[in-house]
Amino acid sequence: MTTMTETSARFREFKMPDVGEGLTEAEILKWFVQPGDTVTDGQVVCEVETAKAAVELPIPFDGVVHELRFPEGTTVDVGQVIIAIDVAPGSGDAPAPAPAAAAPVQEPVEAAGSGDGDAPKGRTPVLVGYGVAESSTKRRPRKGASAAPEAAAVAAAVQAELNGHAAPATAAPSVPAQAGAQDGGRPLAKPPVRKLAKDLGIDLATVVPTGKDGIITREDVHAAAAPAATTPVAAPAPSQAAPEAPAAAVVPASARETRIPVKGVRKAIAQAMVGSAFTAPHVTEFVTVDVTRTMKLVAELKEDKDMAGVRVNPLLIIAKALLVAIKRNPEVNAAWDEANQEIVQKHYVNLGIAAATPRGLIVPNIKDAHDKTLPQLAAALGELVTTARDGKTSPAAMAGGTVTITNVGVFGVDTGTPILNPGESAILAVGAIKLQPWVHKGKVKPRQVTTLALSFDHRLVDGELGSKVLADVAAILEQPKRLITWA
């Protein structure tokens, strides 16, 4: 799919590309440029979040930013224009920016005339996200502009009523059916204001606009969310005795709950986990193991000059132990092909490592981990974790995994029942490593102990095979020398 279009010899448009594998939308997280800024070919102009990762988008040509079509926080369909670039600045008057694309236009609209009766009136088709097609170089006047006096009159009348006064005579002209609405009945508000209203549970049709041209502002929404706190109460007449009553406390809904839109990475995770949990029959087995010798090995490797410059920790040895266990039991490294009703045996291991990030849990994987030496595996683990924490993991880094490790021990958790990453056959959960009393050589001694949990797809991994894999990992962690004798 092309990501740019030419509106003229001077102006070029850049579309939201498909930055993943068949993704249909992305959220604009941050703009790095503003209208009037000069950009060059390859310069990053914005950061977007897809269902798989956060990605920076470079512009493919030189010029000056003419218009940003969407504000930050907007979810945009792949193929929609997000930025317009003036590639020949100074060569003439720039056309007016396209109408804001906060709300997609679903129906064709009549082209606006010049007001002298000579302009043609026809129905011009509209593409979602591209604004209204112009029949001339003049910008189509905003529909809501003609309703601005009436909207202001309505606001004045309402405020006068609240203050206990009669509405002024000028408030009598015809009142539109809906304050702050376009001709089609949709209230005028910018995307951030619409989001605020949605979060607060406010219907924009009930909000009185105070902004220019009848546009609803953030202050209008906040006022509608807490009417008891902002609405003045008329004092009783002197001849009336007003009974004293305690004022009822009104707590806005937003003070009792927070609503977080589910989109991007978090939405993809939710859909994938539900699909995995209710598609693959999960079985989880557990084993508790003495890893004292593994911890000693980690301490020794940290001092080894061959491991200089790489991070050495228990996860490194656990990852290597799982790779050896898979080599001894290759049938576990497989996938279920539902369409063809086949078990697909993998002769390579792309080892996934579950990583918690500010945008949610992601599972990048180390490609061909089975071929890596211990120093190479350590370097790959370090790079994977750093990239994930920085939010720079690419969609390609999360594709094609075969088995996964999730280290819940870093949170002080003993173990868990992990859900399979979609398309994979097994996932190993590693619990916290703790000093515990343990029977060692016939005596109770303090030893470093942890609990491992292996979940696997019972369609292709039976209990015997799953048990062998888990037992092999435990045996290696108890006696790390098996990394040499079993490799």
Open item on the list: I'd like to check the side chain to side chain contact (heavy atoms under 4.5 Å, CB included) partners of A369; sequence neighbours left out, ordered by chain and number.
Closed with: L323, L351, I366, L377
For [range], pull every pair meeting salt bridge (Lys or Arg N to Asp or Glu O under 4.0 Å), keeping only residues two or more places apart or in separate chains.
| range | answer |
| --- | --- |
| residues 368-377 | none |
| residues 311-327 | none |
| residues 29-41 | none |
| residues 404-423 | D414-K434 |

Tell me every residue that passes side-chain hydrogen bond (donor to acceptor under 3.5 Å, both in side chains) with [X], counting only those two or more places apart in sequence or in another chain.
| X | result |
| --- | --- |
| N333 | T402 |
| Q34 | none |
| K367 | N365 |
| W31 | none |

Is it true that a side-chain atom of [X] and a backbone atom of [Y] form a donor plus acceptor pair closer than 3.5 Å?
| X | Y | value |
| --- | --- | --- |
| N329 | V332 | no |
| Q80 | D77 | yes |
| T206 | D203 | yes |
| T74 | P71 | yes |
| T284 | T417 | no |
| S455 | P418 | yes |

Return the [atom1] to [atom2] distance between [X] and [Y], rounded to the nearest 0.5 Å.
| X | Y | atom1 | atom2 | answer |
| --- | --- | --- | --- | --- |
| E331 | D462 | CD | CG | 9.5 Å |
| L322 | L454 | CG | CG | 8.0 Å |
| H282 | F456 | NE2 | CZ | 11.0 Å |

Open item on the list: In the structure I gave you, are the side-chain heavy atoms of M398 and T393 within less than 4.5 Å of one another anywhere?
Closed with: yes
Open item on the list: What I'd like to find out is whether the side chain of I83 reaches to under 4.5 Å of the side chain of H66, using heavy atoms alone.
Closed with: no
TODO: Locate the shortest heavy-atom distance separating T415 from L452; write the atom from each residue and the value.
DONE: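 Reported closest heavy-atom pair: OG1-C, 4.4 Å.
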Open item on the list: Quick check: closest heavy atoms across I59 and T40, and the distance to 0.1 Å?
Closed with: CG2-O, 3.3 Å
Open item on the list: side chain to side chain contact (heavy atoms under 4.5 Å, CB included), that's the test. Do I82 and F14 meet it? Break it down for me.
Closed with: CA-CA 6 Å; I82 60 174; F14 181 65; 4.0 Å; yes
TODO: May I ask you to decide whether R69 forms a salt bridge with E67, counting only side-chain N to carboxylate O separations under 4.0 Å?
DONE: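 Yes, R69 and E67 are salt-bridged.
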Open item on the list: Between D457 and R459 (salt bridge meaning N to carboxylate O under 4.0 Å), is one present in this structure?
Closed with: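 Here D457 pairs with R459 in a salt bridge, since their nearest N and O are under 4.0 Å apart.
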TODO: Please collect all side chain to side chain donor-acceptor pair (under 3.5 Å) contacts where either partner lies in residues 342-355, sequence neighbours excluded, each pair once.
DONE: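 Checked against side chain to side chain donor-acceptor pair (under 3.5 Å) - neighbours excluded - no pair reaches residues 342-355.
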Open item on the list: Filter on side chain to side chain donor-acceptor pair (under 3.5 Å), then keep only pairs touching residues 403-412, sequence neighbours left out; what's left?
Closed with: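 Counting only pairs at least two positions apart or across chains, the side chain to side chain donor-acceptor pair (under 3.5 Å) contacts touching residues 403-412 are T404-E424.
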TODO: Taking salt bridge (Lys or Arg N to Asp or Glu O under 4.0 Å) as the test, write out the residues that go with D220, two or more places apart.
DONE: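 Here no residue qualifies.
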